[in-house]
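Here's the structure we're looking at; comments come further down.
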Amino acid sequence: MNLNYDFDALGELLAERRFKALRAELAEMNEVDVADFISEVPPTKKAICFRTLPKQMAADVFPELESEDQQIIITSMTDQELSAIIEDLYVDDAVDMLEELPANVVKRVLKNATSETRSLINQFLKYPENSAGSIMTAEFTDLRATMTVAGAIEHIRRTGEDRETVYTCYVIDRARVLEGVITVKSLLLAPDEAVVEDLMDTEVISVGTLEDQEEVAHLFSKYGLLSLPVVDHEKRLVGIVTVDDAIDVMEQEATEDFEGMSGIHPSEKPYLKTGIFELAKNRIVWLLVLMVSGMITGSIMGKFEAAISALPLLVTFTPMLTDTGGNAGSQSSTLIIRGMATGEIDMGDWFRVLWKELRVSLLVGVILGSVNFIRLIITYPGNEMIALTVALTMLCTVVMAKLIGGLLPMLAKFCHVDPAIMVAPLVTTIVDAASLLIYFNIAAHLLSL
């Protein structure tokens with residue numbers, strides 16, 4: 001259900017300093033919506049607005065705020081208030097916050113955290129960026145195999161309030177080695193005297209702390225997980241990744257792929273909060289590459305200037321041929337990149353991809369070529385050879401473009417280059433140049449130019 005709140009009315013309460021009424025309204029809202037409201041409040045009033053929140057709600061709202069808003073609020077807090085917020089945050093939320101804040105603000109935050117919290121945060125900050133360790137949380141529910149169901153439920157009741165999730169519990173031994181997994185549902189449906197060891201699932205899906213976050217997100221998608229245990233090199237349980245963090249990773253990776261396929265260097269900042277110089281820098285590289293590719297296609301047309309002069313009608317069809325080739329290549333590359341991202345396609349499937357794209361391209365190319373041939377002999381009667389030239393070029397261009405678009409992402413992956421960033425500009429460059437070479441060479445032979 002979508003909840004629509006009147007932010008203007010809330011803003012009026014804040015402007016009129018009717019804090020009691022504002023507190024009552026905000027207390028009834030979802031923490032994500034409260035964070036959205038605070039983001040629209042003028043900077044000078046963000047801290048005042050945040051202070052009107054009930055204590056527990058403030059801790060829930062804080063990780064949902066943009067890093068700029070967090071910095072403003074932290075700056076206005078007393079050390080005691082800051083300490084309370086930090087202790088109420090889950091460790092992964094605290095780490096995400098600290099990674100975005102300036103060094104002087106981070107120093108103050110860590111100074112006001114307890115030694116235990118500070119130790120946990122520092123441990124998480126040491127994991128490589130975009131690794132499973134960097135996105136996991138240490139607040140999970142652990143059990144012992146020797147516990148009875150009654151004892152396990154009592155343990156969950158006693159410790160669950162500070163855990164990020166209690167639905168899935170992890171069974172560990174005295175050395176914290178992961179032995180199994182069990183759900184609260186299984187515990188609730190089992191007799192009180194039953195032993196956890198007899199109920200737990202020992203086939204546990206887990207990842208190492210250094211595993212790439214994209215692989216973590218893939219496991220969530222593949223197995224429909226709510227949480228995923230993270231273990232060190234000795235198989236000791238050190239944290240879990242929850243589904244909300246996995247969704248954030250999926251969104252981040254999808255955004256990077258979309259930006260890369262559009263020839264834009266990926267940026268973690270929101271569009272409206274990114275400076276014009278940074279936006280220009282992120283876009284200029286591949287625009288330069290595409291500009292150079294345009295010069296290459298221009299030089300190819302220059303080499304066939306005599307053919308163009310003898311039959312100017314040939315130039316009319318070049319945009320259609322290059323655009324169709326580019327679109328055909330982009331279709332194939334997009335499907336292959338998606339298949340590689342979801343794990344459906346790996347490097348060993350290159351021949352299957354080649355064979356499938358060849359058959360698809362022949363079918364599509366014959367249809368497009370035939371349609372163009374019929375259209376041209378109707379539009380330009382008496383120029384059947386020109387129509388045949390365009391039709392054959394269309395067939396060859398589509399086949400060539402789809403083969404390149406299908407295999408180039410796999411080649412990029414083999415060379416340890418992000419396919420989403422590299423493929424789109426290269427497909428455009430290669431297909432444009434190759435389609436013109438095919439076109440004018442077929443024209444030279446069929447039309448005796």
Side-chain angles (χ1 to χ4, degrees), residues 90-95 114-246 249:
Y90 293 120
V91 174
D92 59 330
D93 290 330
V95 171
T114 63
S115 58
E116 182 181 0
T117 301
R118 187 163 55 246
S119 175
L120 271 174
I121 290 174
N122 285 330
Q123 177 186 346
F124 276 53
L125 288 173
K126 290 177 183 177
Y127 289 115
E129 185 179 5
N130 298 330
S131 67
S134 69
I135 61 173
M136 70 182 182
T137 178
E139 286 92 0
F140 55 87
T141 304
D142 54 17
L143 303 173
R144 296 291 186 271
T146 54
M147 285 181 172
T148 63
V149 167
I153 292 176
E154 177 58 32
H155 175 75
I156 294 170
R157 286 174 179 157
R158 189 173 62 253
T159 62
E161 184 177 356
D162 296 327
R163 303 297 184 246
E164 189 155 346
T165 178
V166 297
Y167 180 77
T168 305
C169 306
Y170 298 95
V171 183
I172 57 177
D173 63 13
R174 292 181 180 275
R176 301 194 65 78
V177 174
L178 182 61
E179 293 185 321
V181 62
I182 187 170
T183 64
V184 170
K185 179 181 178 180
S186 299
L187 291 172
L188 292 175
L189 296 178
D192 287 348
E193 64 276 8
V195 180
V196 169
E197 185 175 16
D198 297 331
L199 301 172
M200 69 182 186
D201 183 0
T202 56
E203 299 296 325
V204 187
I205 301 169
S206 63
V207 292
T209 54
L210 303 181
E211 188 71 63
D212 188 88
Q213 65 176 14
E214 193 169 356
E215 176 59 25
V216 172
H218 171 62
L219 290 175
F220 271 90
S221 175
K222 182 177 181 179
Y223 295 105
L225 303 173
L226 294 177
S227 60
L228 180 67
V230 182
V231 297
D232 62 15
H233 65 285
E234 295 179 344
K235 302 302 179 183
R236 293 176 300 190
L237 183 62
V238 293
I240 63 170
V241 178
T242 52
V243 67
D244 59 319
D245 295 316
V249 171

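Numbers for residues simply follow the sequence, beginning at 1. None of these values were measured; they are calculated from a predicted model.
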Q: Given side chain to side chain contact (heavy atoms under 4.5 Å, CB included), test Leu226 with Thr242 step by step and report yes or no.
A: CA-CA 6 Å; Leu226 294 177; Thr242 52; over 6 Å; no

Q | Verdict with supporting geometry, Leu178 and Lys235, side chain to side chain contact (heavy atoms under 4.5 Å, CB included) | A | CA-CA 6 Å; Leu178 182 61; Lys235 302 302 179 183; 5.9 Å; no

Q: Evaluate side chain to side chain contact (heavy atoms under 4.5 Å, CB included) for Val249 paired with Phe220, printing each intermediate quantity in order.
A: CA-CA 11 Å; Val249 171; Phe220 271 90; over 6 Å; no

Q: Take Val231 and Thr209 through the side chain to side chain contact (heavy atoms under 4.5 Å, CB included) test and state the conclusion after the steps.
A: CA-CA 6 Å; Val231 297; Thr209 54; over 6 Å; no

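Interatomic distance, Met136 CE to Leu237 CG, rounded to the nearest 0.5 Å: 9.0 Å. Of the inter-residue distances, the one linking Ser131 atom OG with Asp212 atom CG reads 8.5 Å to the nearest 0.5 angstrom. From Arg158, atom CZ reaches atom CD1 of Ile156 across 10.5 Å, with rounding to the nearest 0.5 Å. Remark: Leu187 CG to Leu143 CG distance equals 6.5 Å, nearest 0.5 Å. Atom CD of Glu215 is separated from atom NZ of Lys222 by 8.5 Å, given to the nearest 0.5 angstrom. Note that CD of Glu211 is 9.5 Å distant from CG of Leu228, once rounded to the nearest 0.5 Å.
Between Arg176 and Asp142, at least one side-chain nitrogen of the basic residue sits less than 4.0 Å from a carboxylate oxygen of the acidic one, meeting the salt-bridge criterion.
Thr168 approaches Ser227 most closely through the heavy-atom pair CB-OG, 3.6 Å. Closest heavy-atom contact between Val196 and Arg144: CB-O, 3.7 Å. Among all heavy-atom pairs drawn from Gly208 and Ala132, the shortest one is O-CB, 3.4 Å. The minimum heavy-atom distance between Met200 and Gly180, with the atom names listed, is SD-CA, 4.0 Å. Val177 and Glu234 make their closest contact through CG2-O, 4.2 Å (heavy atoms, listed as atom of the first residue, atom of the second, distance). A pairwise comparison of heavy atoms in Ala190 and Leu199 identifies CB-CD1, 3.6 Å as the closest pair.
Side-chain contact between Val184 and Thr141 is absent, with no heavy atoms from C-beta onward closer than 4.5 Å. The shortest distance between side-chain heavy atoms of Pro128 and Leu210 falls below 4.5 Å. Side chains of Val243 and Asp245 form no contact here, defined as non-hydrogen atoms less than 4.5 Å apart. Within the 4.5 Å cutoff, no side-chain heavy atoms of Val230 are placed close to those of Ile240. Counting only heavy atoms from C-beta outward, the side chains of Thr148 and Glu193 never approach each other to under 4.5 Å. Using a 4.5 Å heavy-atom cutoff, the side chains of Glu179 and Tyr170 are not in contact. With contacts defined as side-chain heavy-atom distances shorter than 4.5 Å, the pair Val204/Pro229 qualifies. You'll find the side chain of Ile182 stays beyond 4.5 Å of the side chain of Asp201, heavy atoms only.
The environment of Glu161 atom CD is sparse: at most 12 non-hydrogen atoms of other residues, nucleotides or ligands sit within 6.0 angstrom. Heavy-atom contacts from other residues, nucleotides or ligands closer than 6.0 Å to CD of Glu197 number 12 or fewer.
Side-chain atoms of Arg163 come within 3.5 Å of backbone N or O of Phe140 as a donor-acceptor pair.
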